[in-house]
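Step one of this worksheet: look at the structure below.
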Amino acid sequence: MKPPAPSSVLRKARLSPYLFTLLAFIVFVTVLYGEDFTCIFSQIDDSNHHHHPPISKKKSEKLPFAIGESEKGCDVFSGKWVRDETTRPLYQESECPYIQPQLTCQEHGRPEREYQHWRWQPHGCSLPSFNATLMLETLRGKRMMFVGDSLNRGQYVSLICLLHSIIPKHAKSMETFGSLTVFTAKDYNATIEFYWAPFLLESNSDDAVIHRVSDRMVRKGSINKHGKHWKGVDIMVFNTYLWWMTGLKFKILQGSFDDEVKDIVELPTEDAYRMGMKSMLRWVRKNMDPKKTRVFFTSMSPSHAKSIDWGGDQAGNCYNETTMIEDPSYWGSDSRKSIMEVIGEVFSKSNVPIIFLNITQLSSYRKDAHTSIYKKQWSPLTAEQLANPVSYADCVHWCLPGLQDTWNELLFAKLFYP
């Protein structure tokens, strides 16, 4: 059979005048108004994601103190711990006189140093090396402050230890004034400070020394009680988590701590924590200029009080643990995922520029890095306690040098290479 002649194919494929006119009109309108259609579709897409802050189409402005950008697609908080006998630890415990005695594990008899020789390695990229000179030059004439609880104080002291060795002895000092501790690098006219405020809001646990209160409560809308001392800071690092974890409910004071009859309500802990987060964001929006300052929030520090979580003895905890948890998906029962969800929810609905230092997962692996029993005890141990070290092991705080130096390497990376 012969193929049809070209002319017959053309006749069959010929369009009717009406259809041709309609197609021509559609092409004409699309070319003429295509940009407007794109705009309309993008608005529809935006309306489906209204909880996100609007994204500017202009080139993003350089953040204060940034000197470069992170490697594209690199999540510095996702990675693994690698053994490093060469560059870890970043300093020696005996060389840093600023470490509190509850964190000096070697001085208090820890028999090994394995926990000091681990370096965090992000997947597919590397952390920039911590540069003490760059950090101090950046802080010249400025204030940096850590606000929060004793875990934030541990990170604060770690940073001092990373910096102080390049400052002459006569040109540095550390003083404490109530809730405020101030390290001064005199030649740089710079201060690095820690302010004790475990809830950020005013609470009945605000005394920097005597704060062991069983019936904890915070006063609603009270962040300025402490916040007035934070004004004028150039780089701020907040944390708050552990002190909220007293149970499923938390007490909120509606009036004043001076009221004879106190108006107290109980909220689910997540709702109380949400209130604290929103107060912090409001304070930052009102008091921190995003064109001149930077603000960080450090996520919850995990504890390791139940060794059954990682397949250990039912009655055990971090005591005598010298190896880390290998399971990359490990998440301990002491770290409330519901609190992480509150943080994600509150931050995603806000356009306040805060960088989230997500140290929780990478720290969860480090059951070996706690102070355990190797620390100053604030009261004499009983014979019963001495017979059972698990009973008084501290599975909350971390030895220095150690894990919290990595937190500051991550802070350094996000400060200079956001």
Side-chain angles (χ1 to χ4, degrees), residues 93-94 96-113 115 146 148-158 160-161 174-181 194-199 202-218 239-247 250-251 257 300-307 312-322 332-334 363 366-404:
E93 178 185 301
S94 59
C96 186
Y98 305 103
I99 308 175
Q100 307 101 302
Q102 60 266 41
L103 304 180
T104 49
C105 299
Q106 293 299 310
E107 182 185 346
H108 288 90
R110 181 158 180 167
E112 43 74 42
R113 299 171 185 258
Y115 64 95
F146 290 75
D149 59 21
S150 57
L151 289 156
N152 218 23
R153 182 168 56 205
Q155 185 177 356
Y156 162 73
V157 171
S158 160
I160 303 302
C161 292
M174 184 181 275
E175 299 174 279
T176 297
F177 313 92
S179 295
L180 184 66
T181 299
F194 169 76
Y195 187 95
W196 171 266
F199 297 99
E202 182 185 3
S203 77
N204 60 351
S205 306
D206 285 345
D207 189 299
V209 179
I210 305 167
H211 46 243
R212 297 199 175 193
V213 180
S214 57
D215 197 22
R216 298 172 187 168
M217 71 177 77
V218 300
N239 96 312
T240 184
Y241 168 68
L242 188 67
W243 283 69
W244 298 88
M245 299 300 108
T246 58
F250 198 89
K251 290 184 176 179
F257 280 106
M300 65 178 81
S301 175
S303 54
H304 293 86
K306 302 169 189 170
S307 54
D313 180 39
Q314 191 166 359
N317 57 20
C318 71
Y319 171 67
N320 232 11
E321 293 287 353
T322 57
S333 61
D334 293 331
S363 304
R366 299 301 307 274
K367 62 182 170 65
D368 60 312
H370 289 289
T371 53
S372 185
I373 64 171
Y374 306 109
K375 55 178 281 185
K376 178 181 178 179
Q377 304 296 332
W378 294 110
S379 54
L381 297 169
T382 65
E384 191 178 358
Q385 285 176 312
L386 288 168
N388 180 23
V390 169
S391 67
Y392 67 95
D394 181 346
C395 299
V396 171
H397 298 96
W398 309 94
C399 300
L400 286 180
L403 171 68
Q404 290 188 298

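Basis for what follows: all heavy atoms, side chains included, without hydrogens, waters or symmetry-related copies.
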Notebook entry, point to check: Is there side-chain contact between Asp334 and His304, with heavy atoms separated by less than 4.5 Å?
Noted result: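 Not touching, per the 4.5 Å side-chain cut-off.
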
Notebook entry, point to check: How about Ser363 and Leu403: do any of their side-chain heavy atoms sit closer than 4.5 Å?
Noted result: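 Yes, close enough: below the 4.5 Å cut-off.
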
For [X] versus [Y], what's the shortest heavy-atom pair and its separation?
X	Y	value
Pro198	Ser205	CG-O, 3.8 Å
Ile99	Val157	CA-CG1, 3.7 Å
Gly178	Ala208	O-CB, 3.6 Å
Asn317	Ala305	CB-O, 3.3 Å
Pro302	His370	O-CE1, 3.7 Å
Thr181	Met174	CG2-CG, 3.8 Å

Measure the [atom1]-[atom2] distance between [X] and [Y] for me, rounded to the nearest 0.5 Å.
X	Y	atom1	atom2	value
Met300	Thr240	CE	OG1	11.0 Å
Leu386	Ile373	CG	CD1	9.0 Å
Gln102	Arg153	CD	CZ	6.0 Å
Phe146	Ile160	CZ	CD1	7.5 Å
Ser307	Asn320	OG	CG	11.0 Å
Cys318	Asp368	SG	CG	10.0 Å

Has [X] got a side-chain atom pairing as donor or acceptor with [Y]'s backbone, closer than 3.5 angstrom?
X	Y	answer
Glu93	Glu107	yes
Asp149	Asn152	yes
Gln404	Leu151	yes
Thr371	Leu103	no

Notebook entry, point to check: Taking it one step at a time, do Trp243 and Ser203 satisfy side-chain hydrogen bond (donor to acceptor under 3.5 Å, both in side chains)?
Noted result: CA-CA 10 Å; Trp243 283 69; Ser203 77; over 6 Å; no

Next item on the list: Tell me, please, which residues at least two apart from Tyr392 pass ring-ring contact (aromatic ring centres under 6.0 Å, His included).
Entry: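 Tyr392 satisfies ring-ring contact (aromatic ring centres under 6.0 Å, His included) with no other residue.
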
Checklist line | Set of side-chain hydrogen bond (donor to acceptor under 3.5 Å, both in side chains) partners for Tyr115, sequence neighbours left out | finding: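 Tyr115 satisfies side-chain hydrogen bond (donor to acceptor under 3.5 Å, both in side chains) with Gln106 only.
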
Item checked: Residues, nucleotides or ligands: over 12 heavy atoms within 6.0 Å of Glu112 CD ->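 Yes, because the 6.0 Å sphere around CD of Glu112 holds more than 12 heavy atoms from other groups.
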
Check: Does a side chain donor of either Trp398 or Ser301 reach within less than 3.5 Å of an acceptor in the other side chain?
Finding: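 Trp398 vs Ser301: donor-acceptor pair found between side chains.
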
Next item on the list: Test side-chain contact (heavy atoms from CB on, under 4.5 Å) on Tyr319 and Cys395 and set out the steps.
Entry: CA-CA 8 Å; Tyr319 171 67; Cys395 299; 5.9 Å; no

